[in-house]
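Small disclaimer: the values here were computed from a predicted structure and weren't measured. Throughout, protein chains are lettered first and strands after them, A, B, ... in sequence-line order, and every chain is numbered starting at 1.
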There are 2 protein chains.
Amino acid sequence: MARKQGSHADITGPRLREAALRLFARHGFAAVSMRQIAAEVGVQAGALYLYTPDKQALLFDLMRDHLEDLLADWAPPEAPPLMQLESFVRHHIRYHLDRPDLVFIAYMELRNLDPANFAVIEGLRRDYETRLEAILRRGRAAGVFDVADTKLATMALIAMLTGVTTWYREGGRLDRATVEALYWDMARKAVAAA
Amino acid sequence: MARKQGSHADITGPRLREAALRLFARHGFAAVSMRQIAAEVGVQAGALYLYTPDKQALLFDLMRDHLEDLLADWAPPEAPPLMQLESFVRHHIRYHLDRPDLVFIAYMELRNLDPANFAVIEGLRRDYETRLEAILRRGRAAGVFDVADTKLATMALIAMLTGVTTWYREGGRLDRATVEALYWDMARKAVAAA
DNA sequence: GTCTATAGAATGATAGAC
DNA sequence: GTCTATCATTCTATAGAC
């Protein structure tokens, strides 16, 4: 059992991604070495290159998959703008509480992406922001939102909601349902017409 | 002029801090080498160690000075809670728009601090958050704020406001006064009693 | 598929000349 | 006070044995 040899392609791949995610989130992409990741996976550094072309692709794949999941996981319901906003806000909080590490690196490690990769990730992020802005626009047109600038309000709301990952801890003082409800309350009031 | 020698202690020190700040903000602490910083300053790498004991101290000093400035620069005025909140929000936006790089690294590079340094920075950050929470508590007691949980509201507001640094660009579509006013409007509504 | 071994480059920090 | 030169590590990535 001391020697670890043989084929484990089916499990090493996912384990590599999990280890990279955890270490990148904890220490930052640039501060983590391929050796550290390999140690976490339980293989030698050289073996990682069977599953990823390089370290950069490891980061990019994590971020792209995360943002594509985020976009695929939610679409605005056919409903009045206020209900659409509630759906967006509650989904955003839930999704972010479920995947704190992914959210964290998708936000913190943008600087470490190659220019081409950065453009892809920024495009996906913009798609997500555009969805919220569309809700705010519709609501303003309908007179239910009082938002002087929909772009600024979009950025302000997303920053407020995403910030939950910086302080929320599982098993803490507030449970998830309460957190979700309180953020929805603040978001609603921040953009509501008088 | 090809050879750069002689005494420049008075200017090299500040220039080192400026260069480190700019590079850390742009590429991240771990991704920046002492050689890069030295090149930016216009000296050799070895010369940097006349002005800082090591790379870690460079980061810590920037973050500590920034947070101490932030705390020294503002104190709650003797005024009703709503006016205190307005003062806090407007100062926060102004301060953050004035020092985007410092704000950015103070937020992004926490993971790269030694444990002892991290504790100091976290303490300063908590002091700042406590000031906002005190305003919210007073306002809630006075019946002018409707905040179910002051701690969550504090984190939500600070995240919303600090987020301005992620999108605001000098000379962009909105000027600083407008940005400040719009954030104040959203913050006020988010916590105001009906 | 994983291993050992290593190439080739870069890193943080120091020593000693000037 | 800054320089050149260098130490001792560390890094990403590859080559070839098994």
> Which is true for A/Val32 with a 4.0 Å heavy-atom rule: it touches a base, it touches only sugar-phosphate, or it touches nothing?
Replying inline: sugar-phosphate
> Under 30°, 30 to 60°, or over 60°: which ring-plane class applies to B/His92 and B/Phe88, parallel, tilted or perpendicular?
Replying inline: parallel
> Can the positive tip of A/Arg126 be found less than 6.0 Å from the middle of the six-membered ring of A/Tyr128, inside 45° of the ring normal?
Replying inline: no
> To the nearest angstrom, how far is B/Arg15 atom CZ from D/dG1 atom P?
Replying inline: 16 Å
> Between A/His66 and A/His96, how do the two ring planes meet: parallel, tilted or perpendicular, split at 30° and 60°?
Replying inline: perpendicular
> Given atom CG of B/Leu50 and atom P of C/dG16, what is their separation to the nearest angstrom?
Replying inline: 15 Å
> Roughly how many Å is it from NE2 in B/His27 to P in C/dT11, rounded to a whole number?
Replying inline: 12 Å
>> Nearest whole Å is fine: how far is D/dT4 P from B/Gln44 CD?
In response: 4 Å
> When the distance from CG of A/Leu16 to P of C/dG1 is rounded to whole Å, what number comes out?
Replying inline: 14 Å
>> Restricting to non-hydrogen atoms, name the atom on B/Val191 and the atom on A/Met186 that form the minimum distance, rounded to 0.1 Å.
In response: CG1-CE, 4.0 Å
> Charged N to carboxylate O below 4.0 Å: is that the case for A/Asp101 and A/Arg26?
Replying inline: no
>> Please tell me if A/Thr12 has a side-chain N or O lying less than 4.0 Å from either OP1 or OP2 of C/dT2.
In response: yes
Polar atoms only, N or O, under 3.5 Å: list the protein pairs with nucleotides 13-15 of chain D and their distances.
| residue | atom | partner | partner atom | Å |
| --- | --- | --- | --- | --- |
| D/dA13 | OP2 | A/Tyr49 | OH | 2.8 |
| D/dA13 | OP2 | A/Lys55 | N | 3.1 |

> Is any side-chain N or O of A/Ser33 closer than 4.0 Å to OP1 or OP2 of D/dT10?
Replying inline: no
> When you check the gap from the basic side-chain N to the acidic O, do A/Glu40 and A/Arg15 get nearer than 4.0 Å?
Replying inline: no
